[in-house]
Amino acid sequence: MALQDNLTAILYKTGDLRLEQRDVPQIKDDEVLLQMDSVGICGSDVHYWTTGRCGNFIVKEPMVIGHEASGIVAKLGAKVKNLKVGDRVAIEPGVPCRFCDFCKNGQYNLCPDMAFCATPPYHGNLTRYYAHAADFCYKLPEHMSMEEGALLEPLSVGVHGCRRAGVTAGSSVLILGAGPIGLVTLLTAKAMGATNVLITDLLQSRLDLAKSLGADHTILIKKEDKEEDVVKNIHQTMGAEPEKALDCSGVESTTRLAVLATRSGGVAVMIGMGSSEVKIPLQHALAREVDIRGIFRYCNDYPLALAMVASGQINIKPLVTHHFTIEETVKAFETARAGLGVKVMIHVQPKDTNNK
Ligand code: 572
Ligand code: ZN
(Lines give C-alpha, C1' and ligand atoms only; values in the text may rest on other atoms or scores of the structure.)
(Ligands and ions follow the chains in the order given, each with its own letter.)
Protein backbone atom coordinates (compact mmCIF):
# COMPACT_ATOMS: atom_id res chain seq x y z
CA MET A 1 0.00 0.00 0.00
CA ALA A 2 1.27 3.45 -0.95
CA LEU A 3 2.10 5.94 1.83
CA GLN A 4 -0.99 7.98 0.98
CA ASP A 5 -4.29 6.60 -0.35
CA ASN A 6 -4.41 7.39 -4.06
CA LEU A 7 -7.03 4.94 -5.30
CA THR A 8 -7.11 5.30 -9.11
CA ALA A 9 -9.34 3.89 -11.89
CA ILE A 10 -7.08 2.44 -14.58
CA LEU A 11 -8.17 1.07 -17.95
CA TYR A 12 -5.70 -1.70 -18.86
CA LYS A 13 -7.37 -2.86 -22.05
CA THR A 14 -10.83 -3.52 -23.49
CA GLY A 15 -13.22 -4.40 -20.67
CA ASP A 16 -10.42 -4.38 -18.08
CA LEU A 17 -10.97 -1.44 -15.74
CA ARG A 18 -9.28 -1.79 -12.35
CA LEU A 19 -8.94 0.19 -9.15
CA GLU A 20 -5.36 0.37 -7.97
CA GLN A 21 -3.15 2.42 -5.70
CA ARG A 22 -0.82 4.81 -7.55
CA ASP A 23 1.78 7.22 -6.18
CA VAL A 24 0.54 10.73 -5.46
CA PRO A 25 1.91 12.81 -8.37
CA GLN A 26 4.64 15.43 -8.04
CA ILE A 27 3.61 18.88 -9.27
CA LYS A 28 5.49 21.23 -11.60
CA ASP A 29 5.91 24.93 -10.77
CA ASP A 30 2.84 25.92 -12.82
CA GLU A 31 0.62 23.11 -11.54
CA VAL A 32 -1.59 22.40 -8.56
CA LEU A 33 -2.18 19.12 -6.76
CA LEU A 34 -5.90 18.46 -6.65
CA GLN A 35 -7.80 16.27 -4.26
CA MET A 36 -10.43 15.02 -6.70
CA ASP A 37 -14.10 15.30 -5.79
CA SER A 38 -16.50 14.49 -8.67
CA VAL A 39 -15.91 12.85 -12.05
CA GLY A 40 -18.68 12.38 -14.62
CA ILE A 41 -18.55 9.54 -17.14
CA CYS A 42 -18.45 10.61 -20.81
CA GLY A 43 -19.41 8.51 -23.82
CA SER A 44 -15.75 8.45 -24.84
CA ASP A 45 -14.73 6.93 -21.46
CA VAL A 46 -17.27 4.15 -22.02
CA HIS A 47 -16.05 3.69 -25.60
CA TYR A 48 -12.42 3.30 -24.47
CA TRP A 49 -13.60 0.74 -21.90
CA THR A 50 -15.77 -1.30 -24.30
CA THR A 51 -13.54 -1.15 -27.40
CA GLY A 52 -10.06 -0.01 -26.24
CA ARG A 53 -10.21 2.93 -28.62
CA CYS A 54 -12.02 6.13 -29.59
CA GLY A 55 -11.55 7.46 -33.11
CA ASN A 56 -7.88 7.06 -33.97
CA PHE A 57 -6.81 6.96 -30.31
CA ILE A 58 -5.97 3.49 -29.06
CA VAL A 59 -5.27 2.38 -25.48
CA LYS A 60 -1.81 0.78 -25.74
CA GLU A 61 -0.65 1.30 -22.15
CA PRO A 62 -2.76 1.25 -18.97
CA MET A 63 -4.52 4.63 -18.79
CA VAL A 64 -6.24 6.45 -15.93
CA ILE A 65 -9.81 7.13 -17.11
CA GLY A 66 -12.02 10.22 -16.59
CA HIS A 67 -12.04 13.84 -17.80
CA GLU A 68 -15.25 15.55 -16.57
CA ALA A 69 -14.03 16.60 -13.17
CA SER A 70 -13.76 18.92 -10.20
CA GLY A 71 -11.46 18.94 -7.18
CA ILE A 72 -10.00 20.81 -4.24
CA VAL A 73 -6.59 22.50 -4.40
CA ALA A 74 -4.32 20.57 -2.00
CA LYS A 75 -0.92 22.02 -2.94
CA LEU A 76 0.40 24.90 -5.06
CA GLY A 77 3.31 24.80 -7.50
CA ALA A 78 6.02 27.43 -6.81
CA LYS A 79 4.78 29.83 -9.53
CA VAL A 80 1.01 29.51 -9.03
CA LYS A 81 -0.70 32.81 -8.25
CA ASN A 82 -4.32 32.35 -9.35
CA LEU A 83 -5.38 29.79 -6.72
CA LYS A 84 -5.14 29.04 -3.01
CA VAL A 85 -5.04 25.79 -1.05
CA GLY A 86 -8.66 24.80 -0.34
CA ASP A 87 -10.10 26.39 -3.49
CA ARG A 88 -12.86 24.34 -5.11
CA VAL A 89 -12.21 24.16 -8.85
CA ALA A 90 -13.59 22.86 -12.14
CA ILE A 91 -10.87 21.24 -14.23
CA GLU A 92 -10.60 21.97 -17.96
CA PRO A 93 -9.06 18.65 -18.99
CA GLY A 94 -7.08 19.65 -22.09
CA VAL A 95 -3.82 21.52 -21.62
CA PRO A 96 -2.33 22.84 -24.90
CA CYS A 97 1.34 23.62 -25.64
CA ARG A 98 0.77 27.42 -25.46
CA PHE A 99 3.50 28.03 -28.12
CA CYS A 100 2.13 26.87 -31.49
CA ASP A 101 0.26 29.10 -33.97
CA PHE A 102 -3.10 27.67 -32.88
CA CYS A 103 -2.45 28.43 -29.22
CA LYS A 104 -1.19 31.92 -30.02
CA ASN A 105 -4.13 32.64 -32.35
CA GLY A 106 -6.66 31.74 -29.67
CA GLN A 107 -7.67 28.36 -31.08
CA TYR A 108 -5.90 26.28 -28.46
CA ASN A 109 -8.41 23.43 -28.90
CA LEU A 110 -6.70 22.77 -32.24
CA CYS A 111 -3.19 22.53 -30.73
CA PRO A 112 -1.57 19.35 -32.10
CA ASP A 113 0.28 18.83 -28.81
CA MET A 114 -2.74 19.08 -26.54
CA ALA A 115 -2.49 16.85 -23.47
CA PHE A 116 -6.11 15.85 -22.89
CA CYS A 117 -7.16 13.74 -19.91
CA ALA A 118 -7.96 10.11 -20.72
CA THR A 119 -6.95 10.42 -24.37
CA PRO A 120 -3.94 8.16 -25.02
CA PRO A 121 -1.14 8.64 -24.13
CA TYR A 122 -2.41 11.00 -21.39
CA HIS A 123 -3.90 9.87 -18.11
CA GLY A 124 -7.30 11.04 -16.89
CA ASN A 125 -8.35 12.15 -13.44
CA LEU A 126 -10.57 9.48 -11.87
CA THR A 127 -8.17 9.22 -8.95
CA ARG A 128 -7.87 10.71 -5.48
CA TYR A 129 -4.87 12.98 -6.23
CA TYR A 130 -4.17 14.53 -9.60
CA ALA A 131 -1.75 17.23 -10.84
CA HIS A 132 -3.06 19.81 -13.35
CA ALA A 133 -2.01 23.15 -14.90
CA ALA A 134 -3.25 25.87 -12.53
CA ASP A 135 -4.47 28.10 -15.38
CA PHE A 136 -6.82 25.33 -16.55
CA CYS A 137 -8.54 25.22 -13.14
CA TYR A 138 -11.53 27.52 -12.54
CA LYS A 139 -12.46 28.51 -8.99
CA LEU A 140 -16.09 27.74 -8.21
CA PRO A 141 -18.26 30.16 -6.24
CA GLU A 142 -19.38 28.81 -2.85
CA HIS A 143 -22.95 28.22 -3.97
CA MET A 144 -21.95 25.96 -6.86
CA SER A 145 -21.65 22.25 -6.13
CA MET A 146 -18.65 20.10 -7.06
CA GLU A 147 -20.96 18.08 -9.36
CA GLU A 148 -21.89 21.28 -11.21
CA GLY A 149 -18.16 21.97 -11.49
CA ALA A 150 -17.59 18.59 -13.16
CA LEU A 151 -20.56 19.20 -15.48
CA LEU A 152 -18.91 22.36 -16.84
CA GLU A 153 -16.91 20.01 -19.07
CA PRO A 154 -19.81 18.68 -21.19
CA LEU A 155 -21.55 22.07 -20.83
CA SER A 156 -18.52 23.73 -22.47
CA VAL A 157 -19.08 21.50 -25.50
CA GLY A 158 -22.63 22.87 -25.73
CA VAL A 159 -21.36 26.44 -25.30
CA HIS A 160 -18.76 25.94 -28.03
CA GLY A 161 -21.34 24.41 -30.37
CA CYS A 162 -23.83 27.26 -29.84
CA ARG A 163 -21.08 29.86 -30.32
CA ARG A 164 -19.99 28.15 -33.56
CA ALA A 165 -23.63 28.15 -34.69
CA GLY A 166 -24.04 31.83 -33.80
CA VAL A 167 -27.02 31.17 -31.51
CA THR A 168 -28.34 34.47 -30.14
CA ALA A 169 -31.48 36.16 -28.80
CA GLY A 170 -34.48 35.07 -30.82
CA SER A 171 -32.71 32.25 -32.68
CA SER A 172 -34.69 29.28 -33.94
CA VAL A 173 -32.64 26.17 -33.20
CA LEU A 174 -32.99 22.50 -34.13
CA ILE A 175 -31.10 20.06 -31.89
CA LEU A 176 -30.80 16.46 -33.06
CA GLY A 177 -30.28 14.06 -30.15
CA ALA A 178 -31.30 14.49 -26.50
CA GLY A 179 -28.39 12.63 -24.90
CA PRO A 180 -26.01 14.48 -22.55
CA ILE A 181 -24.56 16.67 -25.33
CA GLY A 182 -27.96 17.42 -26.89
CA LEU A 183 -29.27 18.45 -23.46
CA VAL A 184 -26.32 20.75 -22.61
CA THR A 185 -26.74 22.28 -26.08
CA LEU A 186 -30.43 22.84 -25.36
CA LEU A 187 -29.66 24.48 -22.00
CA THR A 188 -27.06 26.73 -23.61
CA ALA A 189 -29.23 27.71 -26.58
CA LYS A 190 -32.08 28.70 -24.24
CA ALA A 191 -29.69 30.62 -21.96
CA MET A 192 -28.31 32.48 -25.00
CA GLY A 193 -31.84 33.63 -25.81
CA ALA A 194 -33.01 31.15 -28.44
CA THR A 195 -36.80 31.39 -28.46
CA ASN A 196 -37.81 28.51 -30.71
CA VAL A 197 -35.89 25.32 -29.89
CA LEU A 198 -36.94 21.90 -31.15
CA ILE A 199 -35.12 18.77 -30.00
CA THR A 200 -35.47 15.26 -31.43
CA ASP A 201 -34.62 11.80 -30.10
CA LEU A 202 -35.53 8.13 -30.44
CA LEU A 203 -36.47 7.89 -26.73
CA GLN A 204 -39.54 9.60 -25.26
CA SER A 205 -37.97 9.64 -21.76
CA ARG A 206 -35.14 11.85 -23.02
CA LEU A 207 -37.61 14.18 -24.74
CA ASP A 208 -39.64 14.46 -21.53
CA LEU A 209 -36.48 15.56 -19.71
CA ALA A 210 -35.67 17.98 -22.55
CA LYS A 211 -39.14 19.51 -22.24
CA SER A 212 -38.66 19.99 -18.50
CA LEU A 213 -35.31 21.69 -19.24
CA GLY A 214 -36.93 24.26 -21.51
CA ALA A 215 -37.31 22.77 -24.99
CA ASP A 216 -40.09 24.57 -26.85
CA HIS A 217 -40.89 21.52 -29.00
CA THR A 218 -39.92 17.85 -29.13
CA ILE A 219 -40.26 15.25 -31.87
CA LEU A 220 -39.95 11.53 -31.27
CA ILE A 221 -38.23 10.06 -34.32
CA LYS A 222 -38.69 6.42 -35.28
CA LYS A 223 -35.95 4.60 -37.15
CA GLU A 224 -38.31 3.81 -40.01
CA ASP A 225 -39.50 7.44 -40.49
CA LYS A 226 -38.93 8.85 -43.95
CA GLU A 227 -36.38 11.68 -44.06
CA GLU A 228 -38.57 14.14 -45.97
CA ASP A 229 -41.47 13.51 -43.58
CA VAL A 230 -39.26 14.28 -40.57
CA VAL A 231 -38.03 17.52 -42.20
CA LYS A 232 -41.66 18.56 -42.91
CA ASN A 233 -42.67 17.69 -39.34
CA ILE A 234 -39.76 19.79 -37.94
CA HIS A 235 -40.73 22.83 -40.04
CA GLN A 236 -44.43 22.47 -39.22
CA THR A 237 -43.86 22.01 -35.50
CA MET A 238 -41.47 24.98 -35.26
CA GLY A 239 -43.70 27.09 -37.50
CA ALA A 240 -40.51 28.03 -39.33
CA GLU A 241 -37.33 26.61 -40.80
CA PRO A 242 -34.60 26.73 -38.12
CA GLU A 243 -31.76 29.23 -38.56
CA LYS A 244 -29.41 26.88 -36.72
CA ALA A 245 -29.20 23.10 -36.50
CA LEU A 246 -26.89 21.21 -34.16
CA ASP A 247 -26.40 17.49 -34.68
CA CYS A 248 -25.61 16.01 -31.27
CA SER A 249 -26.01 12.36 -32.31
CA GLY A 250 -23.44 11.95 -35.03
CA VAL A 251 -25.26 9.22 -36.92
CA GLU A 252 -25.68 9.65 -40.66
CA SER A 253 -29.45 10.10 -40.47
CA THR A 254 -29.24 13.06 -38.04
CA THR A 255 -26.29 14.66 -39.86
CA ARG A 256 -28.41 14.60 -43.03
CA LEU A 257 -31.43 16.01 -41.17
CA ALA A 258 -29.33 18.89 -39.84
CA VAL A 259 -28.36 19.88 -43.41
CA LEU A 260 -31.80 19.33 -44.91
CA ALA A 261 -33.83 21.09 -42.21
CA THR A 262 -31.71 24.25 -41.84
CA ARG A 263 -33.14 27.29 -43.57
CA SER A 264 -31.26 28.80 -46.52
CA GLY A 265 -28.43 30.99 -45.27
CA GLY A 266 -28.38 29.21 -41.90
CA VAL A 267 -25.74 27.21 -40.06
CA ALA A 268 -25.54 23.45 -39.39
CA VAL A 269 -23.05 22.45 -36.67
CA MET A 270 -21.96 18.84 -36.28
CA ILE A 271 -21.12 18.05 -32.64
CA GLY A 272 -21.68 14.32 -32.47
CA MET A 273 -18.87 12.11 -33.66
CA GLY A 274 -19.86 9.34 -36.07
CA SER A 275 -18.11 7.36 -38.77
CA SER A 276 -15.20 8.95 -40.57
CA GLU A 277 -17.13 9.06 -43.85
CA VAL A 278 -20.75 10.18 -44.00
CA LYS A 279 -23.07 10.63 -46.99
CA ILE A 280 -24.72 14.07 -46.89
CA PRO A 281 -26.67 16.08 -49.48
CA LEU A 282 -23.81 18.54 -49.95
CA GLN A 283 -25.22 20.26 -53.04
CA HIS A 284 -28.47 20.90 -51.16
CA ALA A 285 -26.46 22.78 -48.52
CA LEU A 286 -24.12 24.61 -50.89
CA ALA A 287 -26.80 25.87 -53.24
CA ARG A 288 -28.74 27.28 -50.26
CA GLU A 289 -25.65 28.77 -48.58
CA VAL A 290 -26.07 26.63 -45.49
CA ASP A 291 -22.74 26.72 -43.65
CA ILE A 292 -21.66 23.32 -42.36
CA ARG A 293 -19.33 23.58 -39.36
CA GLY A 294 -17.64 21.12 -37.07
CA ILE A 295 -16.49 21.57 -33.50
CA PHE A 296 -13.53 20.14 -31.64
CA ARG A 297 -14.16 20.10 -27.89
CA TYR A 298 -14.12 23.78 -26.73
CA CYS A 299 -11.88 26.80 -26.46
CA ASN A 300 -12.25 29.69 -23.98
CA ASP A 301 -15.71 28.37 -23.15
CA TYR A 302 -15.30 27.36 -19.48
CA PRO A 303 -15.71 30.95 -18.16
CA LEU A 304 -19.09 31.41 -19.87
CA ALA A 305 -20.26 27.91 -18.90
CA LEU A 306 -19.34 28.69 -15.29
CA ALA A 307 -20.99 32.14 -15.36
CA MET A 308 -24.24 30.75 -16.79
CA VAL A 309 -24.47 28.11 -14.05
CA ALA A 310 -23.32 30.47 -11.25
CA SER A 311 -25.90 33.10 -12.27
CA GLY A 312 -28.74 30.58 -12.40
CA GLN A 313 -29.31 31.03 -16.14
CA ILE A 314 -28.58 27.34 -16.54
CA ASN A 315 -29.73 24.63 -14.14
CA ILE A 316 -27.50 21.70 -15.01
CA LYS A 317 -28.19 19.57 -11.94
CA PRO A 318 -31.07 17.52 -13.44
CA LEU A 319 -28.62 15.95 -15.89
CA VAL A 320 -27.13 13.78 -13.14
CA THR A 321 -29.27 10.65 -12.95
CA HIS A 322 -26.88 8.25 -11.16
CA HIS A 323 -24.34 8.52 -8.33
CA PHE A 324 -21.51 6.08 -7.45
CA THR A 325 -18.42 6.09 -5.26
CA ILE A 326 -14.97 5.63 -6.83
CA GLU A 327 -14.91 2.11 -5.34
CA GLU A 328 -18.02 1.39 -7.47
CA THR A 329 -16.38 2.56 -10.71
CA VAL A 330 -17.04 -0.63 -12.71
CA LYS A 331 -20.70 -0.59 -11.69
CA ALA A 332 -20.84 3.09 -12.69
CA PHE A 333 -19.43 2.26 -16.14
CA GLU A 334 -21.90 -0.61 -16.56
CA THR A 335 -24.72 1.84 -15.75
CA ALA A 336 -23.38 4.39 -18.23
CA ARG A 337 -23.06 1.69 -20.91
CA ALA A 338 -26.71 0.64 -20.37
CA GLY A 339 -27.63 4.18 -21.48
CA LEU A 340 -30.81 4.41 -19.43
CA GLY A 341 -29.95 7.59 -17.55
CA VAL A 342 -28.20 10.76 -18.67
CA LYS A 343 -25.09 11.53 -16.63
CA VAL A 344 -23.42 9.08 -14.28
CA MET A 345 -21.38 10.87 -11.59
CA ILE A 346 -18.57 9.25 -9.61
CA HIS A 347 -17.86 10.67 -6.16
CA VAL A 348 -14.19 10.36 -5.26
CA GLN A 349 -14.92 11.82 -1.83
CA PRO A 350 -18.14 11.14 0.08
CA LYS A 351 -20.99 13.00 -1.66
CA ASP A 352 -21.44 16.61 -0.46
CA THR A 353 -18.16 16.69 1.53
CA ASN A 354 -17.23 19.88 -0.33
CA ASN A 355 -20.70 21.28 -1.03
CA LYS A 356 -22.33 24.03 0.97
O1 572 B 1 -15.49 15.96 -23.44
C2 572 B 1 -14.76 16.15 -24.57
C3 572 B 1 -15.01 15.04 -25.50
N4 572 B 1 -14.64 15.18 -26.75
C5 572 B 1 -14.90 14.20 -27.62
C6 572 B 1 -15.54 13.05 -27.20
C7 572 B 1 -15.86 12.96 -25.87
N8 572 B 1 -15.61 13.97 -25.02
N9 572 B 1 -14.49 14.36 -28.92
C10 572 B 1 -14.81 13.40 -29.94
C11 572 B 1 -13.65 12.52 -30.21
N12 572 B 1 -12.46 13.30 -30.50
S13 572 B 1 -11.18 12.50 -31.09
O14 572 B 1 -10.16 13.43 -31.41
N15 572 B 1 -10.63 11.53 -29.87
C16 572 B 1 -11.10 10.24 -29.77
C17 572 B 1 -9.71 12.02 -28.98
O18 572 B 1 -11.62 11.69 -32.16
C19 572 B 1 -12.18 14.32 -29.50
C20 572 B 1 -13.38 15.18 -29.27
ZN1 ZN C 1 -16.09 13.97 -22.94
Side-chain angles (χ1 to χ4, degrees), residues 9 11 14 36 38-61 63-70 90-96 102 107-126 132 136 138 147-164 177 179-185 187-188 246-251 254-255 269-278 293-302 304-306 316 319-320 332-333 336-337 339 341-346:
L11 178 63
T14 305
M36 298 302 293
S38 299
V39 185
I41 302 180
C42 170
S44 69
D45 296 318
V46 176
H47 211 265
Y48 281 117
W49 174 55
T50 55
T51 67
R53 65 183 300 159
C54 191
N56 293 329
F57 291 80
I58 300 167
V59 179
K60 292 179 180 150
E61 302 288 331
M63 175 182 83
V64 179
I65 203 84
H67 63 271
E68 299 181 355
S70 63
I91 303 162
E92 180 171 350
V95 180
F102 298 102
Q107 290 177 294
Y108 67 81
N109 57 326
L110 305 180
C111 170
D113 294 323
M114 171 84 81
F116 198 95
C117 284
T119 300
Y122 302 103
H123 289 303
N125 49 24
L126 182 47
H132 199 71
F136 282 78
Y138 300 83
E147 292 81 1
E148 288 174 301
L151 288 166
L152 294 187
E153 203 281 339
L155 181 58
S156 294
V157 175
V159 170
H160 196 61
C162 286
R163 280 176 155 170
R164 292 271 294 156
I181 295 301
L183 294 173
V184 293
T185 301
L187 289 168
T188 308
L246 297 105
D247 174 24
C248 301
S249 300
V251 293
T254 56
T255 306
V269 173
M270 309 307 171
I271 301 186
M273 199 191 81
S275 345
S276 58
E277 294 198 21
V278 179
R293 298 184 188 160
I295 77 156
F296 193 69
R297 297 176 179 140
Y298 35 70
C299 181
N300 296 313
D301 296 302
Y302 259 69
L304 180 56
L306 195 158
I316 194 132
L319 261 55
V320 183
F333 270 71
R337 180 180 54 187
V342 180
K343 186 56 68 183
V344 175
M345 189 62 67
I346 298 183

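Atoms within each ligand, like the ligands themselves, are counted from 1 in listed order. For clarity, every value in this text was computed on a predicted model and none was experimentally measured.
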- [ ] Examine ligand 1 and decide if any of its atoms is less than 4.0 Å from a heavy atom belonging to Gly43.
- [x] no
- [ ] Starting from atom 6 (C) of ligand 1, find the nearest protein heavy-atom neighbour and note its residue, name and distance.
- [x] Ser44 CB, 4.0 Å
Task: Test side chain to side chain contact (heavy atoms under 4.5 Å, CB included) applied to Thr255 and Val251, step by step - done: CA-CA 6 Å; Thr255 306; Val251 293; over 6 Å; no
Open item on the list: Using heavy-atom distances only, which candidate in Phe296, Tyr298, Phe116 approaches atom 14 (O) of ligand 1 most closely?
Closed with: Phe296
Open item on the list: For atom 18 (O) of ligand 1, what is the closest protein heavy atom, and at what distance to 0.1 Å?
Closed with: Met273 SD, 3.5 Å
TODO: Of the side chain and backbone of His67, name the one, both, or neither that has a heavy atom under 4.0 Å from an atom of ligand 1.
DONE: side chain
- [ ] Starting from atom 1 (O) of ligand 1, locate the nearest protein heavy atom and write down its residue, its atom name and how far away it is, to 0.1 Å.
- [x] Glu153 OE2, 2.6 Å
Atom pairs and distances, side-chain donor-acceptor, residues 116-124, under 3.5 Å, sequence neighbours left out:
unit_1: His123; atom_1: ND1; unit_2: Val64; atom_2: N; d: 3.0

- [ ] Around atom 8 (N) of ligand 1, find the nearest protein heavy atom and jot down its residue, atom name and distance.
- [x] Cys42 SG, 3.3 Å
Open item on the list: Check for me: within less than 2.8 Å of the Zn ion (ligand 2), which protein N/O/S atoms show up?
Closed with: Cys42 SG, His67 NE2
Open item on the list: Distance under 4.0 Å to a non-hydrogen atom of Arg297: what atoms of ligand 1 satisfy this?
Closed with: 4 (N), 17 (C), 19 (C), 20 (C)
Open item on the list: Among Tyr302, Phe102, Tyr298, Phe136, which residue satisfies the ring pair (Phe, Tyr, Trp, His ring centres under 6.0 Å) criterion with Tyr108?
Closed with: Phe136
Open item on the list: I want to check something: taking the side chain as every heavy atom from C-beta on, are Ile65 and Trp49 in contact at a cut-off of under 4.5 Å?
Closed with: no
Task: Any side-chain heavy-atom pair of Cys162 and Thr185 under 4.5 Å - done: yes
Open item on the list: Does only the side chain of Cys54 get under 4.0 Å from ligand 1, or the backbone, or both, or neither? Count heavy atoms.
Closed with: both
